[in-house]
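Counting starts at 1 for both ligands and their atoms, following the listed order. All heavy atoms count here, side chains included; hydrogens, waters and symmetry mates do not.
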Amino acid sequence: MSRLLESYAAGRWHTASDEGAPLLDAATGEEVARISATGLDLGEMTTYARTVGGPALRALTFHERAALLKQLAKHLGVDKDELYDLSFRTGATRRDSMVDIDGGIGTLFSYASKGTRELPNDTVVLDGGLERLGRTGAFVGQHVYTSRPGVAVQINAFNFPVWGMLEKLAPAFLAGLPTIVKPASQTAYLTELAVRRIVESGILPDGTLQLLCGSASGLLDELTVQDSVAFTGSAHTAGMLRNHTNVLHGGVRLGVEADSLNCSILGPDVTADDPELDLFVKGVVTEMTVKAGQKCTAIRRAIVPAAMAEVVIEAISARLAKVSVGNPAHEDVRMGALASLEQRDEVRKAVQQLRASAEVVFGDPDHVEVVDGDAERGAFMSPVLLRAPKGAVEVHDVEPFGPVSTVLAYDSLDEAVELAARGKGSLVGSLVTHDPDVARHVVLGVAPWHGRILVLDRDDAPESTGHGSPLPVLVHGGPGRAGGGEELGGVRGVLHHLQRTAIQASPDMMTAITGRWTTGSARVEDGVHPFRKSLATLAIGDTITSEARTVTLEDIEHFAEFTGDTFYAHTDEEAAKQNPLFGGIVAHGYLVVSLAAGLFVDPDPGPVLANFGVDHLRFLTPVKAGDAIAVTLTVKQITPRSGADYGEVRWDAVVTNADGDPVATYDVLTLVAKEWDR
Ligand code: NAP
């Protein structure tokens, strides 16, 4: 008997108390492992996550969590070959496994980097700007995001045992939520190996990742109002989860990524001689054959102009004829096996349903020639292309989760849009066209039905990542039938896990709560220029108020001549008088900002190392010759960089005129040394 997979629960590996059910090699039918969750205490797991994992994670800042994700990504990369070797047993070729294993590791790297660059080195995130709620500015509003003291349950489909886990783990971890991952049983042995390596590394704090191998029955009963479930799988299972009493009445949040009848549309502009035809055909064939078509993003419907239907079918068929099916580890094999014999039965059944209205134009769902394998013991299947007539219903309803796609013809662009929409909501759609008008018409028409749209042509093809790859920086998910969930999308994927709250308070309170200086709160001037302070002594609210400086006409003329910016408003009094906003010569905005820098800097070498930009620059009141300006610079946010001996300091800058009116406001961004003893 093969090994019984273990769950990782409450800080230890758990072996089920029975023999478990066998999991078979997709290509050979041999037993790979057994699986069972019998005896697992699900209540203990959720409690452990909330009481051990959650507090440990929330004690870390976003940057500290990001650093751990990066460390984990590096660690998993070192021994990934053993994951690749085991992955063959799921039916995946080496190329298929790249999407799963390297794709998963890449997602960790991407979140590590986004977490560092786009989230604060803090435990609270601000959402949007400050809202002034009262007349004097003594009462303000600010939206903030904080971590929930709950657990993130992640239920995955069988097709991406590594990526599926990591793409859900990374945003939840960054958000401060401990994870319980429940892989689909069929391929759980690969997830188990990855989790084993993660646990052994000791990189993640105890309780932040637990693994449930086997049935998840009863898991949702343990969840409460601060918990969430991210589910990927069939619409059928999603429906059951949606109806769970803790989701319906208990406040448990449920995100669903379900099945999806994605399409690719060929533009009416594309002729047989255009490179776009080849791109379209390649896209469909790739999506039919990568992972043997077991991808939620695969193209199930190829929507083409009626006049091109025959050409497209011939071209797709010619390419499919070259696809060798068989032992995924064999180097001549292009397409491996489906995940299981049951899965193949499901796909054959789906093809049968499609055949109620469509005809098979390539492949035989019941027979295939197999390279280095047994066509009956292994879950091998030929790619199958169908053609559906106008009015066919099944093609918009039935998801064959395998190497199957159907060609549909359209006569007008509106009909193409309407056909795409009949999928009732998809994860991703492609449009292959080189005509910008077609692109706008179709994309705006189909966007409400899709989570992501690829517009492919000869220009972006060399760099395109293809139709089927969810990217960590772009939203993954789709409306309607696709489940209505959203994952990834860069920091959006993290924010989904956080709670947004509107805070109403005085500016001083807001500064204390958010850790970021708020307009209207106290400024501190202690006689030491803040440019003389390293991060060790610099504090939020530290301020320098400059002397005033009068801007002369010579200054303006000099700046115009020196920079070449001789725009009439700065050089031609008569013309400037006609300007409805200025009524005469005004100083350049950039002159004002430059003079302000001259007013606030402390010139000697010191802890301020560099100015790396400004944010939110606005010129509010024109400055004329003779106006005196002064600047107030206040420390707004301090972000030490881990792994560097400096950090970022954001300064609030307000330039005012002699009447006290703000003439320019902006944030100055600098790098400041953590220590400075010279
Ligand atoms: P599934 O049968 O719905 O199973 C998905 C997951 O749900 C598995 O981990 C399964 O565990 C678990 N599960 C089943 N019943 C459950 C219950 N009562 N409570 C809690 N968990 C339960 O789907 P599948 O056949 O594995 O996956 C194929 C489907 O997933 C296709 O329709 C495909 O389109 C969809 N999919 C969608 C995406 C996406 O991102 N939108 C990605 C991949 C796949 P067991 O395996 O132990 O039963």
Task: Test salt bridge (Lys or Arg N to Asp or Glu O under 4.0 Å) applied to Glu376 and Arg344, step by step - done: CA-CA 11 Å; Glu376 283 319 303; Arg344 184 174 66 183; 3.7 Å; yes
TODO: Take Glu192 and Arg196, measure what salt bridge (Lys or Arg N to Asp or Glu O under 4.0 Å) needs, and give me the verdict at the end.
DONE: CA-CA 6 Å; Glu192 194 230 36; Arg196 212 167 263 288; 3.2 Å; yes
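No hydrogens or angles considered: nothing links the side chains of Thr107 and Glu167 as a donor-acceptor pair under 3.5 Å. No hydrogens or angles considered: a donor-acceptor pair under 3.5 Å links the side chains of Thr93 and Asp96.
Within 4.0 Å of ligand 1, protein heavy atoms come from Ile155, Asn156, Ala157, Phe158, Asn159, Lys182, Pro183, Ala184, Ser185, Ala216, Phe231, Thr232, Gly233, Ser234, Thr237, Met240, Leu241, Glu257, Ala258, Asp259, Cys296, Glu399, Phe401, Leu427, His476.
A distance-only check finds a donor-acceptor pair linking the side chain of Arg301 to the backbone of Ala420 [under 3.5 Å].
Closest non-hydrogen pair, Gly425 versus Arg481, comes out as O-CB, 3.5 Å.
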